[in-house]
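Throughout, protein chains are lettered first and strands after them, A, B, ... in sequence-line order, and every chain is numbered starting at 1.
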Number of protein chains: 2
Amino acid sequence: MNTKEITDKLTEKGLRVTPQRIAIFEAIFKLDNHPTAENIIEYIKRKHPNISTGTVYKVLDSFVENHLLKKVKTENGIMRYDPLLSKHHHLYCIETNKIVDYEDSELDELLLNYFKKKKIKNFKIQDINLQVTGIVKN
Amino acid sequence: MNTKEITDKLTEKGLRVTPQRIAIFEAIFKLDNHPTAENIIEYIKRKHPNISTGTVYKVLDSFVENHLLKKVKTENGIMRYDPLLSKHHHLYCIETNKIVDYEDSELDELLLNYFKKKKIKNFKIQDINLQVTGIVKN
DNA sequence: ATAATTGCAAAAGCTTTGCATGGCC
DNA sequence: GGCCATGCAAAGCTTTTGCAATTAT
């Protein structure tokens, strides 16, 4: 994801292109492990020491609203950010806090069929999300 | 769940029986909708105006550690508490913030079999949890 | 030009902590 | 009596907010 691609994505969504926004976008891809706001701020401050916390939070919110990122909630309540936009689930490593994306349409169909058959009363399903916790092996 | 039952449960776990602990346990059952710490505090203060925030958090932590409650993380990062201890999933209502328990062994088997067949590389599964978001209908 | 974005600092909101006091076993 | 739990208040941490100054279009 280079600067031109980021610029295009922002423009496409009607968002103004600023150095801060580009830096935040880059950081999320470079950091790669569903970073927290703090991770992002720390990373960016190396090159842009003046970026402010408030700005990063505002930009992240706006990216989530504009479907450029997804917000991922975690065990301890700290939010993390995910650039993978297609439907997917997450594997949570309880030892390292790593979050691994898990994408499989067979699983999604399985779940969809299950709930089609089961028919939960008094509840209209909008989204089904699997959280798998365990340990990453090496 | 009456006072005697609560007392027994606490004793069984080697926890001292105090009026605060009993009140907190009662509150969670009376409130019934996976209450937040704040919900619990507000409820208890009607009868026990002197109970302190710190105590409630400490007691809740200790209950979770001793497997008398489960902690439920939510969309916005505020923790909620669940007295249902058997394996189950949650339906999240995005309109009312209600959390409904969903228990079905057929679903659990389905998931278990799926992952037995799929074999995720480099990951040892400990727990599988489904989060279904949608709208409660009346 | 003008409307949106940034930086800064203050504050909010939930949760944790330390310590003296009090209560349970 | 001894140890554990409570109350209180302070502080911690993540996130939000308000506003003047700056910047993108």
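- Annotation: of the two residues near DNA chain C, B:Thr18 and B:Thr36, the 5′-most nearest-nucleotide partner is B:Thr36.
- The footprint of chain A on DNA chain C, defined by a heavy-atom cutoff below 4.0 Å, extends from C:dA3 to C:dC8.
- Rounded to whole Å, atom C1' of D:dT6 lies 17 Å from atom OH of B:Tyr57.
- In this structure a side-chain-to-backbone donor-acceptor pair under 3.5 Å is missing from B:Asp8 to B:Glu5.
- Summarising the geometry, the separation between CG on B:Leu10 and P on D:dC4 is reported as 16 Å, rounded to the nearest angstrom.
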Next on the checklist: Could you go through A:His34 and A:Asp101, starting from their C-alpha distance and side-chain angles, then the distance that decides it, and tell me whether this counts as side-chain hydrogen bond (donor to acceptor under 3.5 Å, both in side chains)?
Outcome noted: CA-CA 9 Å; A:His34 304 79; A:Asp101 294 318; 2.8 Å; yes
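- Side-chain proximity of B:Arg16 to the nucleotides D:dT16, D:dT15, D:dA5 is greatest for D:dA5.
- If you take CG of A:Leu60 and C1' of D:dT17, they are 16 Å apart, rounded to a whole angstrom.
- Taking the six-membered ring where tryptophan is involved, the planes of B:Tyr102 and A:Tyr114 are perpendicular, since the angle between them exceeds 60° and thus also 30°.
- Note: CD1 (A:Ile51) to P (D:dT22) measures 18 Å, nearest angstrom.
- Put simply, CD on B:Gln20 is 5 Å from P on D:dT6, counting in whole angstrom units.
- The CG atom of B:Leu31 lies 11.0 Å from the CD atom of B:Glu26; values are rounded to the nearest 0.5 Å.
- Atom OH of A:Tyr81 and atom P of D:dT14 are 12 Å apart (whole Å).
- One interatomic measurement links the two molecules: CG of A:Asn76 to P of D:dT14, which rounds to 9 Å at whole-angstrom precision.
- Between A:Ser52 and B:Glu38, the residue whose closest nucleotide on DNA chain C is further toward the 5' end is A:Ser52.
- Residue B:Thr55 places at least one side-chain N or O under 4.0 Å from the OP1 or OP2 atom of D:dG7.
- Below 30°, between 30° and 60°, or above 60°: for A:Tyr92 and A:His90 the angle between ring planes is above 60°, a perpendicular geometry.
- Residue side chain A:Lys58 reaches the base of D:dG18 through a donor-acceptor N/O pair under 3.5 Å, judged by distance alone.
- Computed from coordinates, the B:Leu15 CG to D:dT6 P distance equals 10 Å when rounded to whole Å.
- Proximity of a side-chain donor or acceptor of B:Arg80 to a complementary backbone N or O of B:Asn33 within less than 3.5 Å is detected.
- The residue B:Pro49 sits apart from the nucleic acid: no heavy atom pair falls under 4.0 Å.
- Between the side chain of B:Asn66 and the main chain of B:Leu68, no donor-acceptor pair closer than 3.5 Å is present.
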